[in-house]
Amino acid sequence: MIVLQWCKTQIVCLLILAYVGIQFIREGNQMNRLTEKSNCNRIFDWFFIVSEVALIFDGMTACTVNFLDQVPRWVNLVAHLGMFVSYEIYVTLLFWYWVSVTVGIPKKKWIKAACLLPSMLSICLTVYFLPQLKFIEGKYTNYSMGTAVHVCFVSIVIYCVLTVAMIVVKHRYISRHKRRGLATTLVFILIIMCMQIVFPEALVSCIAATMVTISIYLNMENPAIHGLEHYQHEMVMGFATLVENKDDNTGGHIRRSSAYALLIAQNLRKNKAYRDRISRDYLNKLVQSAPMHDIGKIGIPDAILQKPGKLTPEEFEKMKEHPVIGGRIIQNTFGHLFDGDYESMAYKVAMYHHEKWNGKGYPEGLSGTKIPLCARIMAVADVFDAVSAKRCYRDAMPLEECYRIIENGRGTDFDPDIVDAFMMDREKIEEIYRRGM
């Protein structure tokens, strides 16, 4: 019972995390059966495990430091080393988790090495200065102090600064939901650090680790949230397929055109001019928005959609209304069901995917970069699938002819950069084409 007096906070935190872990595993298994895939971020899995290890070492040090006359100094040092190192890994994994769910893990090895350097240096310095660690008798509890402690605090500050820098540089391409999560985490860590510095006897690092882990679980990794996103996507796909059926289609067009759009965006990221604009969130929103590009066709008469011959000028003018109808549907209906970032991109894709680079498209006659990037991507994907698939008014064109149509539209109908991104990977294009037949 005397031992519990010193580590009761850590034990409570550990029990809370254990409960959350059980819920995470149970709900995650249920979602895996529904979606046939895991939605769990592997970095979060390790982050969660390390948080529990850190709490165990935190509890051990809270006990050993209060029994200095009974516990050998080397035992105290080993326990503190375990705590310092596990918290250091915890903070590093927290940083990499936020990077992975916002802008994505960088591919360049030197960037990864540079971001890992503070953690590696901190661990080495902690080991080096550990023998100099002092155990101070406080009014309520004993605590440790020394260069090793200061090194850990500096490392946390560095990763907080790196996170703030990422938010500032990439804020336009990080969803509002994730920006709020990042800001909340940073503010909470800052408050706890200030408390620990001003009142070193508080020993509240375990509370910080627990609250941050639970916050990420509830806001980012909760299987129930992923389940809702899955059902939302299924609803969108079902509604889009229903509209496609009006156009004598079976949903193949939305699947293929969405896949083409994703391929274009992924290839476009290789262009330095777009690397910062096309984040992981952007790709996810594009995949979710692409199926909605022709949603406005629900307001076009079947006689026009399914006409086997060429449309009359009057009928074509009626057909040209579907982008505006689609934009209105998304704003008035789906905009209330999904987050604002999705609504914005879905609206732009539906409204502007028939605009042309030279300004001769519709409905507004936008030109060049005035056309939203997502709509410029969708324009190429939509046209390629339209000409390569069989329609009620004509047979499918040979793929080589479809490629020529896209290339001939470079700089007139389509953004040159997007055409280049599309044409750079014919093998994947044809794989999507065959898979979607």
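Just so we're clear, the structure is a prediction, and the values are computed from it rather than from any experiment. Side chains included, hydrogens not; waters and symmetry mates left out as well; all remaining heavy atoms used. Residue numbers count from 1 along this sequence.
- Remark: side-chain polar atoms of T126 are paired, donor with acceptor, to backbone N or O of S122 under 3.5 angstrom.
- Side-chain contact between V99 and F95 is present, with heavy atoms from C-beta onward closer than 4.5 Å.
- The 12-atom threshold is exceeded at NZ of K320, counting heavy atoms of other residues, nucleotides or ligands nearer than 6.0 Å.
- Checked by atom type and distance alone, the side chain of R376 pairs as donor or acceptor with a backbone atom of I371 at under 3.5 Å.
- The residues D415 and R410 are annotated as not salt-bridged, no charged nitrogen and carboxylate oxygen being separated by less than 4.0 angstrom.
- Remark: side-chain polar atoms of S258 are not paired, donor with acceptor, to backbone N or O of R255 under 3.5 angstrom.
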Would E407 and R426 count as a salt bridge (charged side-chain N to carboxylate O under 4.0 Å, His left out) here? Give the steps.
CA-CA 13 Å; E407 289 177 326; R426 291 195 181 192; 3.7 Å; yes
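- For the residue pair S257/D385, the side-chain donor-acceptor check at 3.5 Å is not satisfied.
- Between H293 and H253, the distance from one ring center to the other falls under 6.0 angstrom.
- Each of L186, I207, I189 was evaluated against V212; a single residue qualifies, I189, per the side chain to side chain contact (heavy atoms under 4.5 Å, CB included) test.
- There is no side-chain donor-acceptor pair under 3.5 Å between T141 and E201.
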Please evaluate residues W357 and I418 with respect to the criterion side-chain contact (heavy atoms from CB on, under 4.5 Å), reporting the C-alpha separation (whole Å), side-chain torsions for both, the decisive distance (0.1 Å), and the verdict.
CA-CA 11 Å; W357 186 252; I418 291 175; over 6 Å; no
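- Here H353 and Y362 keep their ring centres 6.0 angstrom or further from each other.
- A salt bridge is absent between R256 and E430; no separation between the charged side-chain nitrogens and carboxylate oxygens falls under 4.0 Å.
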Could you go through I43 and I105, starting from their C-alpha distance and side-chain angles, then the distance that decides it, and tell me whether this counts as side-chain contact (heavy atoms from CB on, under 4.5 Å)?
CA-CA 11 Å; I43 295 180; I105 300 295; 4.2 Å; yes
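- At a threshold of 4.5 Å between non-hydrogen side-chain atoms, the residues F67 and N76 do not count as touching.
- K428 NZ: 12 or fewer foreign heavy atoms inside a 6.0 Å radius.
- Expressed to the nearest 0.5 Å, how far OH of Y217 lies from CZ of F48 amounts to 8.5 Å.
- E364 places a side-chain heavy atom less than 4.5 Å from the side chain of Y352.
- Annotation: side chain of I123 is not in contact with side chain of V151 (no heavy-atom distance under 4.5 Å).
- Using a 4.5 Å cut-off on side-chain heavy atoms (C-beta onward), H80 and V65 make contact.
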Let's go through F384 and Y403 carefully: what are the C-alpha distance in whole Å and the side-chain angles of both, what is the deciding distance for ring pair (Phe, Tyr, Trp, His ring centres under 6.0 Å) to 0.1 Å, and is it a yes or a no?
CA-CA 8 Å; F384 182 83; Y403 289 133; 5.5 Å; yes
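- Formation of a donor-acceptor pair under 3.5 Å by the R73 side chain with backbone atoms of P131 is found in this model.
- In this structure the side chain of C160 never reaches within 4.5 angstrom of the side chain of L190, judged on heavy atoms.
- The CG atom of L162 sits 9.0 Å away from atom CE of M166, with the distance rounded to the nearest 0.5 Å.
- Residues S144 and T61 fail the side-chain proximity criterion, which asks for heavy atoms closer than 4.5 Å.
- Heavy-atom contacts from other residues, nucleotides or ligands closer than 6.0 Å to CE of M423 number more than 12.
- The shortest distance between side-chain heavy atoms of L77 and F135 falls below 4.5 Å.
- In this structure, Y90 and Y87 have perpendicular ring planes: the angle between them is above 60°, well past the 30° mark.
- For the pair Y159 (side chain) and S119 (backbone), a donor-acceptor distance under 3.5 Å is present.
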Checking L373 against L268 for the side-chain contact (heavy atoms from CB on, under 4.5 Å) test, could you report, in this order, the C-alpha distance in whole Å, the side-chain angles of both residues, the deciding distance, and whether it holds?
CA-CA 11 Å; L373 177 61; L268 205 57; 4.0 Å; yes
Given side-chain contact (heavy atoms from CB on, under 4.5 Å), test H354 with D382 step by step and report yes or no.
CA-CA 9 Å; H354 281 295; D382 184 43; 3.9 Å; yes
Full working for side chain to side chain donor-acceptor pair (under 3.5 Å) between E88 and S155:
CA-CA 8 Å; E88 184 63 50; S155 177; 2.4 Å; yes
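- Environment of CZ in F153: crowded, with over 12 heavy atoms of neighbouring residues, nucleotides or ligands closer than 6.0 Å.
- Between the side chains of Q196 and S205, no donor N or O sits under 3.5 Å from an acceptor N or O.
- E321 places no side-chain N or O within donor-acceptor distance of the main-chain N or O of I300, the cut-off being under 3.5 Å.
- Rounded to the nearest 0.5 angstrom, L366 CG and N358 CG are separated by 12.0 Å.
- Looking at N142 and E137, their side chains never bring a donor and an acceptor atom within 3.5 Å of each other.
- Closest approach of A265 to L286, counting heavy atoms only: CB-CD2, 3.7 Å.
- For M145, the CE atom counts as densely surrounded, since its 6.0 Å shell holds more than 12 non-hydrogen atoms of other residues, nucleotides or ligands.
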